[in-house]
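Heads up: the structure comes next, in structure tokens.
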Protein chains: 2
Amino acid sequence: MTSRLEALCLEKGLKMTGQRRVISQVLSEADDHPDVEEVHRRAVRIDPRISIATVYRTMRLLEDAQVIERVDLGDGRARYEEATADHHHHLIDTRTGRIIEFASPELESMKERIARELGYKIVGHRLEIYGVPLDEDERP
Amino acid sequence: MTSRLEALCLEKGLKMTGQRRVISQVLSEADDHPDVEEVHRRAVRIDPRISIATVYRTMRLLEDAQVIERVDLGDGRARYEEATADHHHHLIDTRTGRIIEFASPELESMKERIARELGYKIVGHRLEIYGVPLDEDERP
DNA sequence: TCTGGGATTGCGAACGATTTTCAGTATGAT
DNA sequence: ATCATACTGAAAATCGTTCGCAATCCCAGA
Ligand SMILES: [Mn+2]
Ligand SMILES: [Mn+2]
Ligand SMILES: [Zn+2]
Ligand SMILES: [Zn+2]
């Protein structure tokens with residue numbers, strides 16, 4: 001009954017309200033990258049007395065607490081996903097909007113090397129690929 | 001007297017107005033990544049009768065004409081640079097805001113390979129690195 | 001060189017995402 | 001159960017950007 005995110009909130013000493021419980025549940029159950037409106041839509045289905053302002057506030061709270069991560073996919077709004085141990089990036093199908101996750105240790109170390117050569121230590125980075133499906137005959 | 005961008009606009013058959021001439025000059029002379037407000041500030045210095053709305057419109061026009069490129073550095077506003085033949089990315093110094101450009105053919109081909117393996121053809125991509133200067137003793 | 005009409009401009013209003021304000025409400029330590 | 005305090009809903013404010021509209025400008029054609 002207690003979602004993973006709810007547990008994390010308690011751990012951080014945050015006051016556990018009904019709306020935070022619901023939003024935590026929604027985010028724990030999500031396996032996609034919902035924006036704030038979508039989180040609100042899903043939350044309202046569980047408890048209609050949740051305002052969009054509270055969703056905005058809670059998303060920021062959880063982001064600051066490093067419990068969720070903001071994903072910027074280029075459309076104007078912020079999307080979110082549960083923070084996981086394994087770092088990854090996104091390939092966005094520009095025809096369908098489908099989001100494919102991928103990770104590449106080689107790419108990460110190449111990026112580290114580039115920063116070091118420029119005299120910098122990485123504190124954050126962002127990488128997204130936008131693409132369309134390959135034609136049948138060019139599949140690897 | 002005729003800036004590089006002005007020439008490009010004429011080539012594309014765009015009507016050459018006073019404000020477009022000034023904005024083209026500002027962008028041709030810029031060697032950084034100004035946002036719209038900054039372009040407006042510089043344009044007004046040359047000719048005070050240029051409105052911010054016209055700058056917004058002209059930036060979009062030039063972007064659509066592929067004469068300039070939009071750069072999204074994560075702060076809320078759009079930044080721009082002259083479109084060049086050579087593709088590159090940005091490393092942002094989070095302490096000073098300084099922007100360092102870099103290019104990496106290896107990184108580009110690795111990115112192509114990843115997309116192909118996922119069954120996709122790349123139509124666009126974005127990569128930014130945020131970092132802080134290395135300490136003296138960890139310089140390569 | 002002069003002219004007509006479509007393209008362009010300046011202004012302010014409208015916009016969409018997000019934040020803030022504020023008065024009322026709920027939480028959790030006591 | 002009480003109470004201080006943190007949290008909430010609703011609406012207003014903010015920020016970057018776009019739009020509507022009447023006035024103005026550019027330039028192909030005369
Ligand atoms: Mn993801
Ligand atoms: Mn650049
Ligand atoms: Zn990465
Ligand atoms: Zn690239």
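Each chain gets a letter, A, B and so on, in the order its sequence line appears, and its residues count up from 1.
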Evaluate the side-chain proximity of [Y] to [X]: yes if any heavy-atom separation is below 4.5 Å, no if none is.
X	Y	answer
B/Leu27	B/Glu82	no
B/Glu128	B/Leu73	yes
B/Glu101	B/His89	no

- Message: Let me spell it out: for each of B/Ala53 and B/Gln19, pick the nucleotide of DNA chain D with the closest heavy atom. Which residue's pick is nearer the 5' end?
- Response: B/Ala53

- DNA chain D nearest-nucleotide lookup for B/Arg79 and B/Met16: closer to the 5′ end is B/Arg79

- Query: When you measure from the side chain of A/His125 to the backbone N and O of B/Leu91, does any donor-acceptor pair fall under 3.5 Å?
  - Reply: no

- Item | N/O donor-acceptor pair under 3.5 Å between B/Thr54 side chain and B/Ile50 backbone | no

- Non-neighbouring partners of A/Val123 that pass side chain to side chain contact (heavy atoms under 4.5 Å, CB included), sequence neighbours left out: B/Thr94, B/Tyr130, B/Val132

- Message: Of all nucleotides in DNA chain C that come within under 4.0 Å of a heavy atom of chain A, which is furthest toward the 5' end and which toward the 3' end?
- Response: C/dA17 to C/dG28

- Sorted by number, residues from residues 44-51 of chain B placing a heavy atom under 4.0 Å from DNA chain C are B/Arg49, B/Ile50, B/Ser51

- Task: Specify the residues of residues 28-39 of chain B, ordered by number, for which at least one heavy atom lies under 4.0 angstrom from an atom of DNA chain C.
- Result: none

Salt bridge (charged side-chain N to carboxylate O under 4.0 Å, His left out) partners for [X], two or more places apart:
X	value
A/Arg41	A/Glu38
B/Arg79	B/Asp75
A/Glu108	A/Lys111
A/Asp35	A/Arg77

- Item | Five-pair end axes of the helix from C/dT1-D/dA30 to C/dT30-D/dA1, angle between them (10°) | 30°

- Message: Between A/Glu112 and A/Lys121 (salt bridge meaning N to carboxylate O under 4.0 Å), is one present in this structure?
- Response: no

- Mind running salt bridge (Lys or Arg N to Asp or Glu O under 4.0 Å) on B/Asp93 and B/Arg95 for me, showing each step along the way? CA-CA 5 Å; B/Asp93 185 323; B/Arg95 295 226 177 100; over 6 Å; no

- Query: Earliest and latest nucleotide of DNA chain D, 5' to 3', sitting under 4.0 Å from a non-hydrogen atom of chain B?
  - Reply: D/dG16 to D/dC27

- Sugar-phosphate, base or nothing in reach of B/Arg57, heavy atoms under 4.0 Å: base

- Query: Does B/Asp32 have any side chain to side chain donor-acceptor pair (under 3.5 Å) partners at least two apart in sequence or in another chain, and if so, which?
  - Reply: B/Arg42

- Query: How far does CD1 of A/Ile114 sit from CZ of B/Phe102, to the nearest 0.5 angstrom?
  - Reply: 5.0 Å

- Does anything in residues 60-73 of chain B pair up under side chain to side chain donor-acceptor pair (under 3.5 Å), and if so which pairs, sequence neighbours excluded? B/Glu63-B/Arg70, B/Asp72-B/Arg126

